[in-house]
Protein chains: 2
Amino acid sequence: MKNPIAALNKIFDSRIRLGVMSILIVNDSVSFNELKQMLDLTDGNLASHLNTLEQVEFLKVQKAFIGKKTNTTYSITELGKQAFKLHLDALEKMIKGI
Amino acid sequence: MKNPIAALNKIFDSRIRLGVMSILIVNDSVSFNELKQMLDLTDGNLASHLNTLEQVEFLKVQKAFIGKKTNTTYSITELGKQAFKLHLDALEKMIKGI
DNA sequence: GTAAAGCACTTTGTTTTACAAAGCTATATA
DNA sequence: TATATAGCTTTGTAAAACAAAGTGCTTTAC
């Protein structure tokens, strides 16, 4: 058996980033505030994890206005989808001992 | 939807501990050296993660002799099995958005 | 019109964690 | 005697998580 943890993506070691991706993979676009509430996080903590995910281009940001009020939403990218799926595959293989 | 990451076990945030548990859940008893090779880790790093898992009683240690040479093997406990399964369930629910 | 509150951050600082590297004890082998 | 292996512990460093506070802008309440 080859080292099973080598195939895991370090980005997804974090439960929060895993949570964000899990939400974004089933929801086209989710606002900062919705994520914050869903995952029960402080602003700073969420922002920093979103930043990490954005840096590696696993998600993209849309800044829009609702009236004059800013509204920021996040969506997963193709790259993010692929990376997430690869990670889940690796996880599954590891757990099932394949 | 309730906060999906709250049900994850912090012990398993670590890829290495996840790897150890994945191995021990399908192998009754595995030696320090086998784990070290399977997961490609330094002694100290492996030892410290094993320690963490032992502290929370997710695994137990057997120290035996092969001749006069010590041989240490590790096995998962019932508690460890349960915790691991709960974690995997929580993961699955989170990912599938249940 | 002033105050308070919300959104989406950034900055700062602390604590925790991961990890490598070296050291240690005991045995085994060359 | 010297080197190697098993299974650790200790030490030190670097990275990560996180809370809390601060910021700028807007909106709502009084």
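Residue numbering restarts at 1 for every chain, and letters A, B, ... go by the order of the sequence lines.
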Measure [atom1]/[X] against [atom2]/[N] and give the value in whole Å, please.
X       : N      : atom1 : atom2 : answer
B:Tyr74 : D:dA6  : OH    : C1'   : 10 Å
A:Asp40 : D:dC18 : CG    : C1'   : 13 Å
B:Leu39 : D:dG7  : CG    : C1'   : 16 Å

Exercise. Going from CD1 on A:Ile16 to NE2 on A:His49, what distance comes out if it is rounded to the nearest 0.5 angstrom?
Worked result: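 Here the interatomic distance stands at 3.5 Å.
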
Problem set entry | Straight-line distance of A:Lys60 NZ to A:Ile76 CD1, nearest 0.5 Å |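 These two atoms lie 9.0 Å from each other.
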
Exercise. Is there a donor-acceptor pair under 3.5 Å between the side chain of A:Asn9 and the backbone N or O of A:Ile11?
Worked result: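 Yes.
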
For this session: Examine distances only and state if a side-chain atom of A:Thr77 and a backbone atom of A:Glu57 form a donor-acceptor pair shorter than 3.5 Å.
Result: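 Answer holds: yes.
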
Problem set entry | A:Ser31 side chain to A:Glu34 side chain, donor-acceptor N/O pair below 3.5 angstrom |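 Per modelled atom types, A:Ser31 and A:Glu34 side chains form a pair under 3.5 Å.
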
Exercise. Can B:Gln62 and B:Ser75 be counted as having a side-chain donor-acceptor contact under 3.5 angstrom?
Worked result: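 Yes, a side-chain donor-acceptor pair sits under 3.5 Å.
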
If you take all heavy atoms of [X] and [Y], which pair is closest and at what distance?
X       : Y       : result
B:Phe58 : B:Ala83 : CZ-CB, 3.3 Å
B:Met38 : A:Pro4  : O-CD, 3.6 Å
B:Asn27 : B:Ile23 : ND2-O, 2.8 Å
A:Leu35 : A:Tyr74 : CD1-CD1, 4.1 Å

Problem set entry | Positions of residues 6-19 of chain B (non-hydrogen atom under 4.0 Å from DNA chain C), listed by number |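 Heavy-atom contacts with DNA chain C come from B:Ser14, B:Ile16, B:Arg17.
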
Exercise. So does B:Asn71 get a side-chain nitrogen or oxygen closer than 4.0 Å to the phosphate oxygens (OP1/OP2) of D:dA6?
Worked result: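 False: B:Asn71 side-chain N/O out of range (4.0 Å or more) of D:dA6 OP1/OP2.
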
Distance-only donor-acceptor pairs under 3.5 Å for side chains of residues 90-98 of chain A, two or more places apart:
{"residue": "A:Glu92", "atom": "OE2", "partner": "A:Lys96", "partner atom": "NZ", "Å": "3.0"}

Problem set entry | Contact boundaries on DNA chain C for chain A, cut-off under 4.0 Å to non-hydrogen atoms |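 Counting from the 5' end, contacts occupy C:dC7 to C:dT10.
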
Exercise. Looking for any heavy atom pair under 4.0 Å, which part of the strands does A:Lys36 touch: base, sugar-phosphate only, or nothing?
Worked result: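 Since no nucleic acid heavy atom lies under 4.0 Å of A:Lys36, the category is nothing.
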
Exercise. According to a 4.5 Å side-chain heavy-atom criterion applied to Ile, Leu, Val, Met, Phe, Trp and Tyr, with indirect links allowed, do B:Ile5 and B:Leu86 form part of one hydrophobic cluster?
Worked result: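 Looking at the clustering, B:Leu86 is in a separate group from B:Ile5.
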
For this session: Scan residues 78-98 of chain A for pairs that pass ring pair (Phe, Tyr, Trp, His ring centres under 6.0 Å), counting only residues two or more places apart or in two chains.
Result: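 Sorted pair list: A:Phe12-A:Phe84, A:Phe12-A:His87.
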
Exercise. Toward the 5' end of DNA chain D, which comes first, B:Glu34 or A:Lys69, by nearest nucleotide?
Worked result: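 Closer to the 5' end of DNA chain D: B:Glu34.
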
Exercise. In residues 42-57 of chain B, what residues come within less than 4.0 Å of DNA chain D, judged by heavy atoms?
Worked result: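 Heavy-atom contacts with DNA chain D come from B:Asp43, B:Gly44, B:Ala47, B:Asn51.
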
Exercise. In degrees, rounded to 10°, what is the bend between the two ends of the helix from C:dG1-D:dC30 to C:dA30-D:dT1, using five pairs at each?
Worked result: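 Rounded value for the end-axis angle: 0°.
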
